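This report concerns only the one structure given below.
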Amino acid sequence: MLGRNTLALGRFIQRRAAAPSQSKRRMTTSTEPRRVINTVGVIGAGQMGGGIAQVAAQIAKKNVILMDSNADQASKAVKFIDTLMKKNIEKGKATAEERDATLSRISTTSNLSDLSRADFIIEAATERVQLKETIFRDLSSVVPQDVILATNTSSISITRIASVTNRPDRVIGMHFMNPVPVMKLVEIIQGLATSKATLDITLNLATEMDKTTATAQDRPGFIANRLLMPYINESVYALMEGLGTREDIDKTMKLGTNMPMGPLTLADFIGLDTCLAIMRILHEELGDSKYRPCPLLVKYVEAGWLGKKTGRGFYQY
């Protein structure tokens, strides 16, 4: 005969098996991501954020809330969009009406809570893990539960960023290329918990922005920077070791391998601080010495020579 304790244990196990688990209950009651996207929130009004805001407003015809903690930077980004569109009008690539309509769709703010009015959010802040985690943690408390949170990170784990939110299934990577209005590709990266609905909505938004998408695994550097950054880093080593001048290194890759731009010029346009941040992530996460950032790259960043945006990098502007 079975003892009373054994029988009680059996009944307990049967009840647990019949009842839905806590995790299943959470999944059942989980909010579906918002599918109708009328307003896009963009965090960070730098080169990337401004470009994303322009494409969302001009091409996808979305209302845009461009948020930056520095209100002057947000205003500067809108003025830069205006300047770019005026140049396109002169070239016959846009009309004055299109310019006016685009600018009318963009509003700016320095208050994160204003993004509560957005249907989809794209973060394009500086490539620092702690900064992005803070932004996504704060967003979770001010943005409705059904809003997808996308990050423009070029190398940081989507799964890690998603883990600090209250909606990991609605967090996704949306890595635009620079300059955003010109480059056609957007790299799409799912985190471990990213849902198919989130993926489908994000792919659709990218299509509305007239972008071609490539899907990458959530691994350091994804596809683009896993290949590009070691190439740039090695070109800096070549410069440091005197293998060639900056001009000859760039000329060799342009004319010898049909690259549209030399690696050192490209690094200046990307931003040397961004290149260094990505190389450090690759080195730390993958643990292979071939990803060790070149000491000359480190020195340039320490000197504040960050490339085109500061007027000096490997070249002067």
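It should be emphasised that the depicted structure is a prediction, and the values quoted were computed from it without experimental measurement.
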Report task. Begin from the C-alpha positions of Asp68 and Lys76 and carry the test salt bridge (Lys or Arg N to Asp or Glu O under 4.0 Å) through to its verdict. Result -> CA-CA 11 Å; Asp68 196 290; Lys76 187 188 298 184; over 6 Å; no

Query raised in the report: Between Ile43 and Val64, is there a shared hydrophobic cluster once you connect ILVMFWY residues whose side-chain heavy atoms come closer than 4.5 Å?
Result: no

Query raised in the report: Run the side chain to side chain donor-acceptor pair (under 3.5 Å) check on Asn111 and Ser113 step by step: do they pass?
Result: CA-CA 5 Å; Asn111 192 342; Ser113 64; 2.8 Å; yes

Of all the heavy-atom pairs spanning [X] and [Y], show the shortest one and how long it is.
| X | Y | result |
| --- | --- | --- |
| Ile52 | Asn152 | CD1-CG, 4.1 Å |
| Gly46 | Gln73 | CA-NE2, 4.0 Å |
| Arg246 | Phe314 | NH1-O, 2.6 Å |
| Gln190 | Ser195 | NE2-O, 4.2 Å |

Query raised in the report: Do the side-chain N and O atoms of Glu127 and Thr274 include a donor-acceptor pair separated by under 3.5 angstrom?
Result: no

Query raised in the report: For residues Thr265 and Asp250, is any side-chain donor paired with an opposing acceptor at under 3.5 Å?
Result: yes

Between [X] and [Y] (side chain of the first, backbone of the second, donor and acceptor by atom type, cut-off under 3.5 Å), is there such a pair?
| X | Y | answer |
| --- | --- | --- |
| Glu187 | Ile223 | yes |
| Asp268 | Tyr315 | yes |
| Asp146 | Glu32 | no |
| Thr165 | Ile161 | no |
| Asp218 | Thr159 | yes |

Query raised in the report: Pick one: which of Gln58, Lys61, Glu97 meets side-chain contact (heavy atoms from CB on, under 4.5 Å) with Thr102?
Result: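 Exactly one option meets the side-chain contact (heavy atoms from CB on, under 4.5 Å) with Thr102, and it is Gln58.
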
Requested in this report: Could you give me the CA-CA distance, side-chain angles and deciding distance for Glu234 and Lys290, then say whether salt bridge (Lys or Arg N to Asp or Glu O under 4.0 Å) is met?
Outcome: CA-CA 9 Å; Glu234 193 62 28; Lys290 71 181 181 181; over 6 Å; no

